[in-house]
Engineer: 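One structure, pasted below without further comment.
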Amino acid sequence: MVDIKHGLEVLRKNIKIAPEKPGVYRMLGENDKVLYVGKAKNIKKRIVAYSHIDKLPVRLQRMVSEIKRMEFIIVENEAKALLMENELIKKLEPRYNILLKDDKTFPHLVIDVQSEFPSLRKYRGKRHDKSKYFGPFASVLAVNSTLDIVQKAFLLRTCRDSVFKHRDRPCLMYQIKRCSAPCVGKVSPEEYRRLVREAVDFLEGKNSKIQEELSQKMQEASDEQNYELAMVLRDRIRALTNIQHGNQVEYADIKSADIIALARKGDLVCIQVFFVRSGQNCGNVPYFPKQTEEATDAEVLEAFLSSFYTRHIPPKEIILSEELENKEFLEDATGAKINTYQKGNKAKLANNAKENAVASIDRKIAEEASVKSNLEEFVKIFGLPHIPKRIEIYDNSHIQGSYAIGAMVVATPDGFDKKQYRTFNIKNQDITNDDFAMMKEVLTRRFERMTPENKPDVILLDGGLGQLHAVHESLKDYDLSGIAIIAISKGPERNAGKEFYHMVGRESFALPFQSPIAFYMQNLRDEAHRFAIGTHRKHRAKSISKSRLDEVEGIGARRKKDLLNYFGSVEEISQASLKDLEKVEGISKKTAEKIFNYFHK
């Protein structure tokens with residue numbers, strides 16, 4: 001057993017001064033290194049629990065033995081404690097906390113109910129207005145599927161406001177019976193509002209009531225010999241019927257719940273989350289928390305919930321595969337009911353989530369074995385001293401020198417690390433048609449910011465011998481010890497799989513055709529290519545979206561929007577008279593003169 005006398009002394013001293021209020025506590029070791037960050041409804045009681053050393057697992061006994069001092073932060077309530085704990089864990093990454101990498105944002109459906117003619121659209125990000133949000137959906141595929149259903153059944157518009165306000169005839173969505181065309185008055189405001197209410201009811205799980213009302217209206221339309229309306233209503237009823245047939249019965253009674261289960265194999269832990277909303281399975285996502293080796297399943301699950309629900313809005317119920325020790329605290333903090341079931345349908349769903357967690361672990365083990373095998377082969381083929389922990393892959397993208405950017409992606413033994421990806425806008429406009437010079441600029445700027453922590457083991461370039469020599473020339477004043485620089489060029493007739501590899505001091509060579517290592521190298525290069533092209537397109541789109549109005553003094557985003565909404569295009573604004581410009585809300589006589597003079601100088 002570890003020597004814990006000093007740590008226990010520190011705990012006992014802090015028990016005397018610890019507040020009996022909700023908050024966050026930090027345990028600090030040698031040189032004020034943060035060992036652990038925790039939350040509590042009553043900080044004093046929580047610290048007392050650590051002093052019962054015999055009841056603690058070995059991991060926490062070891063932590064207590066290292067404590068030199070403690071810090072406390074009092075907050076208003078459990079929710080604030082949860083948020084603060086999560087922020088500190090992410091910032092400090094304490095050794096004894098369970099860490100979760102959660103950088104996912106889930107798509108939602110949103111209806112801007114305050115608009116005169118609300119639209120239905122996909123959305124990612126924080127909820128910042130009084131619109132109706134539905135979700136989350138685990139993937140774009142899941143949200144697209146539901147969007148498709150709602151369009152067929154409720155005919156809501158999905159176009160942007162700028163398009164909607166300037167249409168003079170229905171678009172294709174009206175022709176294929178996916179929209180009621182409120183833009184050109186094919187439906188009255190009152191009738192469209194009713195469609196919106198029905199869509200909201202459907203997304204909130206009130207399907208059967210809507211279907212009964214539609215059936216009654218279809219019969220009425222048929223009795224009145226309004227067969228066109230009756231056919232529209234029939235198509236909507238069919239869409240709803242198809243949804244009900246497609247729904248899985250086991251989710252039918254669940255209005256809003258996340259089903260969360262944990263599985264463990266050796267040191268690897270997976271937590272599987274299923275989203276169920278309005279009786280529909282909105283998909284599932286696996287997570288692999290770190291530093292879980294000596295923690296119990298319940299402890300890992302609690303840490304996951306604490307982190308996950310500071311970033312994502314909790315449902316009405318959270319169904320777990322394991323009982324929690326601090327269930328009451330988490331319920332108060334999240335506002336959700338947390339339940340574990342031993343029998344019945346919800347117990348079966350939790351077991352199903354657990355089986356998915358086991359399957360995710362098996363897939364991850366297989367993937368990691370494949371990556372490890374490829375990296376071992378990488379070491380042999382390219383003569384590296386050890387398995388590379390950081391591979392940086394570079395590519396350029398431009399169109400005849402315009403919107404030129406350089407891109408860097410990072411691969412590790414755990415896969416691509418997207419948080420480390422970087423883009424470089426080419427500053428020297430005289431070289432944007434010269435790929436060699438662009439790569440020189442990119443690598444020089446990268447090495448100027450290099451630290452021992454982010455030093456690469458391998459640099460992989462998309463190019464041939466020319467790129468390779470250009471990079472070595474640009475980096476001649478830097479310490480390249482321990483860094484392998486490799487260029488990969490297209491094979492004959494740009495044939496994927498027959499690439500050539502180039503390194504200084506070695507003859508160019510190819511890898512065995514269609515070998516696992518060849519596929520791995522292609523995957524590295526293709527990811528850099530994908531990232532470079534995607535970033536380039538965003539830059540180009542952003543540039544194209546700029547308007548000549550941006551050059552007019554005193555015209556900000558709000559006035560620009562008002563002008564475009566009123567006139568429809570910059571061309572129309574350029575031809576408008578002074579009187580017409582003054583009619584736009586927010587455009588004074590002085591501002592109208594500036595706009596007029598700009599276009600007519």
Side-chain angles (χ1 to χ4, degrees), residues 109-132 147 151 154-197 199 399 402-403 536-601:
L109 283 176
V110 61
I111 300 177
D112 52 333
V113 289
Q114 292 184 310
S115 171
E116 183 182 4
F117 291 100
S119 65
L120 171 72
R121 53 193 169 84
K122 291 179 285 187
Y123 179 79
R124 281 184 192 264
K126 292 183 179 179
R127 303 182 183 190
H128 53 73
D129 56 26
K130 294 182 180 178
S131 297
K132 286 273 188 181
L147 179 66
Q151 279 183 290
F154 303 102
L155 312 177
L156 300 189
R157 72 179 183 92
T158 55
C159 56
R160 294 180 181 178
D161 289 347
S162 56
V163 174
F164 173 76
K165 289 177 180 178
H166 299 102
R167 288 208 71 86
D168 53 14
R169 57 194 178 94
C171 68
L172 178 63
M173 300 305 286
Y174 173 75
Q175 309 297 338
I176 62 174
K177 298 181 182 178
R178 297 289 186 91
C179 179
S180 53
C183 53
V184 292
K186 293 288 185 181
V187 61
S188 68
E190 296 75 24
E191 178 64 16
Y192 190 81
R193 273 281 165 192
R194 189 180 61 76
L195 291 172
V196 171
R197 284 195 300 273
I399 291 182
S402 299
Y403 317 110
H536 163 75
R537 285 174 178 163
K538 285 178 187 175
H539 280 234
R540 195 175 66 200
K542 187 176 180 182
S543 175
I544 290 169
S545 69
K546 289 182 179 178
S547 154
R548 284 183 289 165
L549 286 173
D550 296 327
E551 299 173 12
V552 182
E553 185 186 350
I555 300 296
R558 181 66 184 270
R559 284 177 173 170
K560 178 182 170 183
K561 183 179 177 182
D562 290 340
L563 285 162
L564 288 170
N565 284 341
Y566 188 90
F567 290 103
S569 69
V570 176
E571 188 60 34
E572 291 295 325
I573 296 169
S574 69
Q575 296 174 19
S577 66
L578 265 173
K579 287 185 178 180
D580 287 336
L581 290 168
E582 288 172 24
K583 289 177 185 177
V584 180
E585 187 178 350
I587 302 297
S588 65
K589 186 175 181 179
K590 186 176 180 181
T591 305
E593 286 175 355
K594 284 182 181 178
I595 297 167
F596 185 84
N597 290 337
Y598 173 81
F599 285 110
H600 294 87
K601 60 185 176 182

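Treat the numbers as computed from the prediction; the structure is a model and nothing was measured. Scope of the values below: all heavy atoms of this structure, side chains included, with no hydrogens, waters or symmetry mates.
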Engineer: Measure across Ala181 and Tyr174 and return the closest heavy-atom pair with its distance rounded to 0.1 Å.
Structural biologist: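 Nearest pair, atom of Ala181 first, then Tyr174: CB-CD1, 3.4 Å.
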
Engineer: With side-chain contact (heavy atoms from CB on, under 4.5 Å) as the test, would you mind laying out the steps for Val113 and Lys132 before giving the verdict?
Structural biologist: CA-CA 7 Å; Val113 289; Lys132 286 273 188 181; 3.6 Å; yes

Engineer: On a heavy-atom basis, which atom in Lys589 and which in Glu582 lie closest, and how many Å separate them?
Structural biologist: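 The pair with the smallest heavy-atom distance is CG-OE2, 3.5 Å.
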
Engineer: Identify the heavy atoms of Pro170 and Val184 that sit nearest to each other, and give their distance.
Structural biologist: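 It is CG-CG2, 3.7 Å.
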
Engineer: Please round to the nearest 0.5 Å and tell me the distance separating atom SG of Cys183 and atom CZ of Arg169.
Structural biologist: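 Output value for this atom pair is 11.0 Å.
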
Engineer: Does the side chain of Leu581 reach to within under 4.5 Å of the side chain of Ile573, using non-hydrogen atoms?
Structural biologist: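 They are in side-chain contact.
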
Engineer: For the residue pair Arg157 and Phe164, would you count it as a cation-pi contact if the rule is NZ or CZ under 6.0 angstrom from the ring centre and within 45 degrees of the ring axis?
Structural biologist: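 Flagged: Arg157 positioned over aromatic ring of Phe164.
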
Engineer: Roughly how far apart are Tyr123 OH and Leu109 CG, rounded to 0.5 Å?
Structural biologist: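 Separation between the atoms: 13.0 Å.
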
Engineer: Measure the CD1-CZ distance between Ile111 and Phe154 for me, rounded to the nearest 0.5 Å.
Structural biologist: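 Reported value, rounded in 0.5 Å steps: 9.0 Å.
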
Engineer: Is a donor on one side and an acceptor on the other found under 3.5 Å between the side chain of Tyr192 and the backbone of Pro118?
Structural biologist: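 The answer is yes, because a donor-acceptor pair under 3.5 Å joins these two groups.
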
Engineer: So Leu156 and Gln151, do their side chains get closer than 4.5 Å, heavy atoms only?
Structural biologist: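 With C-beta onward as the side chain, the pair stays apart.
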
Engineer: Without swapping roles, check the side chain of Ser180 against the backbone of Val187 for a donor-acceptor pair under 3.5 Å.
Structural biologist: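 No, because the side chain of Ser180 does not come within donor-acceptor range (under 3.5 Å) of the backbone of Val187.
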
Engineer: Got a salt bridge between Glu593 and Lys590, using NZ or NE/NH1/NH2 to carboxylate O under 4.0 Å?
Structural biologist: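 No, no charged N to carboxylate O under 4.0 Å.
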
Engineer: Just wondering, more than 12 heavy atoms not from Gln175 lying within 6.0 Å of its CD?
Structural biologist: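 Buried by this count: over 12 neighbours within 6.0 Å.
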
Engineer: Using atom types as modelled and distance alone, determine if a side-chain donor or acceptor of Asp112 lies under 3.5 Å from a backbone N or O of Ser119.
Structural biologist: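 Present.
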
Engineer: In Å, rounded to the nearest 0.5 Å, how long is the span from NZ of Lys177 to CG of Leu155?
Structural biologist: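 Lys177 atom NZ to Leu155 atom CG measures 10.0 Å (nearest 0.5 Å).
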
Engineer: Looking at Asp562 and Arg559, does any basic side-chain N land under 4.0 Å from a carboxylate oxygen?
Structural biologist: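 A salt bridge is absent here (no side-chain N lies under 4.0 Å from a carboxylate O).
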
Engineer: Grab the two heavy atoms, one from Pro182 and one from Phe117, that are nearest each other, plus how far apart they are.
Structural biologist: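 Taking Pro182 first and Phe117 second, the nearest heavy atoms are CB-CD2, 3.5 Å.
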
Engineer: State the CD1-OG distance between Ile595 and Ser574, to the nearest 0.5 angstrom.
Structural biologist: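 Output value for this atom pair is 11.5 Å.
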
Engineer: To the nearest 0.5 Å, what is the distance between CG (Leu120) and SG (Cys159)?
Structural biologist: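 Here the interatomic distance stands at 11.0 Å.
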
